[in-house]
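Note that these values count all heavy atoms, side chains included, but never hydrogens, waters or copies made by symmetry.
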Amino acid sequence: MTQSLFDQTIAREHTCSVKYDARKAVFGREDIIPAWVADMDFPAPEAVTRALQARAEHPVYGYTLFPDSLYDAMIDWFRARHGWAIQQEWIVMAPGVVPSLNAACLAFADPGDGVIIQPPVYPPFFSSVRDTGRRVIESPLERDQDGVYRMDLDGLEQCAARDDAKVLLLCSPHNPVGRVWGEPELKAILGIARRHGLVVLSDEIHCDLTYPDKPAHRVLATLAEPGEPLITAVAPSKTFNMPGLGLSALVIPDPAQRAAMKAVFNRLHVPQCNPFSIAGFEAGYRDGGPWRDELMDYLKGNRDYVVDEVRRRLPGIRTSAPEGTYLMWLDCRELQLDDAGLKRFFVQQAGVGLNPGLSFGQQGSGFMRLNIGCPRGGLVQILDRLETALSQVV
């Protein structure tokens with residue numbers, strides 16, 4: 001049987017990798033298997049590597065413009081993959097999705113105003129609000145007995161009706177719970193925002209990472225009416241495993257909102273014009289399609305393996321198959337450990353480094369986030385370690 005591109009083991013130690021070279025600082029030991037920070041252990045598409053090499057061959061790395069070919073590659077990708085017709089003038093290049101969350105808070109809410117988030121959710125959703133002097137308004141997701149998360153639309157409406165609520169930060173697909181929101185939920189979001197005058201920033205960085213046996217991602221903007229206050233954040237960084245290059249894009253049809261976001265970036269003098277990130281961005285969207293399709297088939301195998309093995313071998317831990325992302329949400333509450341004890345168990349007894357659920361909000365207490373973006377052999381080792389550790393405590 002031919003080995004998959006994604007089965008090869010690539011040593012990442014001593015490359016200044018946060019995932020590997022920060023293990024001592026984050027977990028207190030260097031011998032853990034890291035399955036936390038959201039980058040994958042797979043080589044980027046060959047087209048991306050070739051584009052970076054070609055750019056490196058020119059020995060001057062100066063200030064760089066965004067070429068029309070970059071915009072064309074992005075526009076073509078989203079038209080073909082998501083049925084979304086983007087106009088070039090709508091696109092604002094940005095230094096990353098997280099800076100864009102912060103910029104939206106600065107642009108559309110005053111100090112002390114409220115920004116709505118739906119925890120458990122990616123930690124920068126909290127910090128982008130608090131660090132800009134705005135107020136977090138939580139509209140928690142609801143989890144049913146099968147482990148499926150849904151929006152509490154009545155609760156969200158109540159949050160949006162508050163006088164101080166100005167912005168909604170939407171995570172779609174959702175990190176960490178792996179939901180791909182359906183059209184009814186997305187239409188409800190737009191209706192709530194419309195009724196209460198909210199600006200919505202939809203973080204769709206994982207939009208391409210949906211599984212072939214699950215519902216396809218629907219871009220929120222394809223359901224919106226013209227002129228609605230909606231900003232969509234996208235990037236090739238998760239899709240093609242190049243988050244270190246840092247470049248993302250905002251799609252903002254409304255000229256006034258576009259100007260407001262540009263003004264924040266200009267005021268902070270935040271640069272976006274890295275010649276290598278530009279080369280990688282274009283190459284991914286232009287030529288990375290076959291690689292992405294092979295990736296999702298491989299990740300589906302990883303996902304299904306973890307679901308089956310957790311059910312079979314790990315008493316006290318539950319999980320379900322995510323609809324999108326390469327992140328899995330492990331329910332460890334039956335272990336009856338507090339969050340500090342849960343972290344100690346994974347690190348000290350199992351030798352595995354995951355993201356504590358509590359970092360995604362109080363609603364993540366008792367959970368851990370597992371990154372399955374690695375060769376299958378790495379997951380085998382992780383589950384073997386967890387099985388051995390559990391046999392000593394359960």
Legend entry - Atom pair CG (Leu169) and CD1 (Ile116), whose distance is rounded to the nearest 0.5 Å: 9.0 Å
Legend entry - Under 3.5 Å side-chain donor-acceptor pair for Gln88 and Asp68: yes
Legend entry - Main-chain N/O of Asp113 paired to Asp110 side chain as donor or acceptor, under 3.5 Å: no
Inset, instruction - List in chain and number order the residues that pass side-chain contact (heavy atoms from CB on, under 4.5 Å) with Asp287, two or more places apart in sequence or in another chain; answer none if no residue qualifies. - result: Ala47
Inset, instruction - State plainly whether the residues Arg313 and Asp384 are in salt-bridge range, i.e. N to O under 4.0 Å. - result: yes
Legend entry - Lys343, NZ atom: more than 12 neighbouring heavy atoms under 6.0 Å: no
Legend entry - Presence of salt bridge, Asp21 and Arg12, under 4.0 angstrom: no
Inset, instruction - Would you please say whether a donor-acceptor pair under 3.5 Å links the side chains of Gln362 and Glu138? - result: no
Inset, instruction - Rounded to the nearest 0.5 Å, what's the gap from OG on Ser237 to CD1 on Ile205? Could you check? - result: 3.5 Å
Legend entry - Donor-acceptor pair between Asp144 and Tyr149 side chains, under 3.5 angstrom: no
Legend entry - Asp72 versus Tyr285, side-chain donor and acceptor atoms under 3.5 Å: no
Legend entry - Nearest heavy-atom neighbours spanning Asp31 and Arg385: O-NH1, 3.4 Å
Legend entry - Interatomic spacing from CD1 in Ile33 to OH in Tyr20 - rounded to 0.5 Å: 8.5 Å
Inset, instruction - Answer with yes or no after comparing the ring centroid distance for Phe6 and Trp291 against a 6.0 Å cut-off, counting only values under it. - result: yes
Legend entry - Phe346 CZ to Leu335 CG distance, which is reported to the nearest 0.5 Å: 7.0 Å
Legend entry - Note, Phe265 side chain near Ser100 side chain (heavy atom, < 4.5 Å): yes
Inset, instruction - Could you tell me which non-hydrogen atom of Thr132 sits nearest to which non-hydrogen atom of Cys105, and how far apart they are? - result: OG1-CB, 3.5 Å
Inset, instruction - Determine whether Pro120 and Trp329 make a side-chain contact, defined as any pair of heavy atoms from C-beta on separated by less than 4.5 Å. - result: yes
Legend entry - Contact check, side chains of Phe66 and Leu247, non-hydrogen atoms, under 4.5 Å: yes
Inset, instruction - Salt-bridge test for Arg150 and Glu142: reply yes if a basic N is under 4.0 Å from a carboxylate O, no otherwise. - result: no
Inset, instruction - Kindly indicate whether the side chain of Leu330, heavy atoms from C-beta on, has any atom under 4.5 Å from the side chain of Leu354. - result: yes
Inset, instruction - Check the pair Arg23, Glu13 against salt bridge (charged side-chain N to carboxylate O under 4.0 Å, His left out), reporting the backbone distance first and the verdict last. - result: CA-CA 10 Å; Arg23 283 179 290 185; Glu13 292 85 354; 3.5 Å; yes
Inset, instruction - Indicate yes or no for a side-chain donor-acceptor contact from Arg258 to the backbone of Glu89 under 3.5 Å, with no hydrogens or angles considered. - result: yes
Legend entry - For Gln8 against Pro375, the heavy-atom pair lying closest together: O-CG, 3.4 Å
Inset, instruction - Verify whether the ring centers belonging to Phe125 and Phe360 lie closer than 6.0 Å. - result: no
Inset, instruction - Calculate, to the nearest 0.5 Å, the distance between atoms OH and CG belonging to Tyr326 and Asp41 respectively. - result: 9.5 Å
Legend entry - Test item: Asp203 side-chain N/O and Cys171 main-chain N/O as donor-acceptor pair under 3.5 Å: no
Legend entry - Gln348 atom CD, neighbour heavy-atom count above 12 within 6.0 Å: yes
Inset, instruction - For the pair Arg303 and Asp213, find out whether any cationic side-chain nitrogen is under 4.0 Å from an anionic carboxylate oxygen. - result: yes
Legend entry - Test item: Arg79 side-chain N/O and Trp77 main-chain N/O as donor-acceptor pair under 3.5 Å: no
Legend entry - Ion pair check, Asp308 and Arg312, cut-off under 4.0 Å: no
Legend entry - Presence of salt bridge, Lys238 and Asp39, under 4.0 angstrom: no
Inset, instruction - Following the transitive rule for hydrophobic clusters with a side-chain heavy-atom cut-off under 4.5 Å over Ile, Leu, Val, Met, Phe, Trp and Tyr, establish whether Met151 and Leu198 coincide in one cluster. - result: yes
Legend entry - Short side-chain to backbone donor-acceptor contact, Gln257 and Ala107, under 3.5 Å: no
Legend entry - Neighbour count above 12 (heavy atom, 6.0 Å) for Arg194 CZ: yes
Legend entry - Rounded distance (nearest 0.5 Å) linking atom SG of Cys159 with atom CD1 of Ile117: 10.5 Å
Inset, instruction - May I ask you to decide whether Glu185 forms a salt bridge with Arg179, counting only side-chain N to carboxylate O separations under 4.0 Å? - result: yes
Inset, instruction - For the residue pair Glu282 and Ser69, confirm or rule out a side-chain donor-acceptor distance under 3.5 Å. - result: yes
Inset, instruction - Step through the shown structure and confirm whether more than 12 heavy atoms of other residues, nucleotides or ligands are within 6.0 Å of CG on Asp163. - result: no
Inset, instruction - Quick one: list whatever passes ring-ring contact (aromatic ring centres under 6.0 Å, His included) with Tyr61, sequence neighbours left out. - result: Phe276
Inset, instruction - Step by step, work out the side-chain hydrogen bond (donor to acceptor under 3.5 Å, both in side chains) result for Tyr71 and Asp76. - result: CA-CA 8 Å; Tyr71 294 103; Asp76 291 345; over 6 Å; no
Legend entry - Side-chain ion pair, Arg376 and Asp7, N-O less than 4.0 Å: no
Inset, instruction - Would you tell me whether Asp208 and His217 have side-chain atoms, one donor and one acceptor, within less than 3.5 Å of each other? - result: no
Inset, instruction - With the side chain counted from C-beta on, respond yes when Val306 and Leu379 share a heavy-atom pair under 4.5 Å apart, and no when they do not. - result: yes
Legend entry - Fellow cluster residues of Ile32, listed by chain then number, with links counted only when side-chain atoms sit under 4.5 Å apart: Val18, Val26, Phe27, Trp36, Val37, Val347
Inset, instruction - State whether Arg218 and Glu183 are salt-bridged, where the test is any N-O pair (Lys NZ or Arg NE/NH1/NH2 against Asp/Glu carboxylate O) under 4.0 Å. - result: yes
Legend entry - Lys187 and Leu223, any side-chain heavy atoms less than 4.5 Å apart: yes
Inset, instruction - Evaluate the side-chain proximity of Pro356 to Asp339: yes if any heavy-atom separation is below 4.5 Å, no if none is. - result: no
Inset, instruction - Would you mind reporting whether Leu168 and Leu156 have side-chain heavy atoms less than 4.5 Å apart? - result: yes
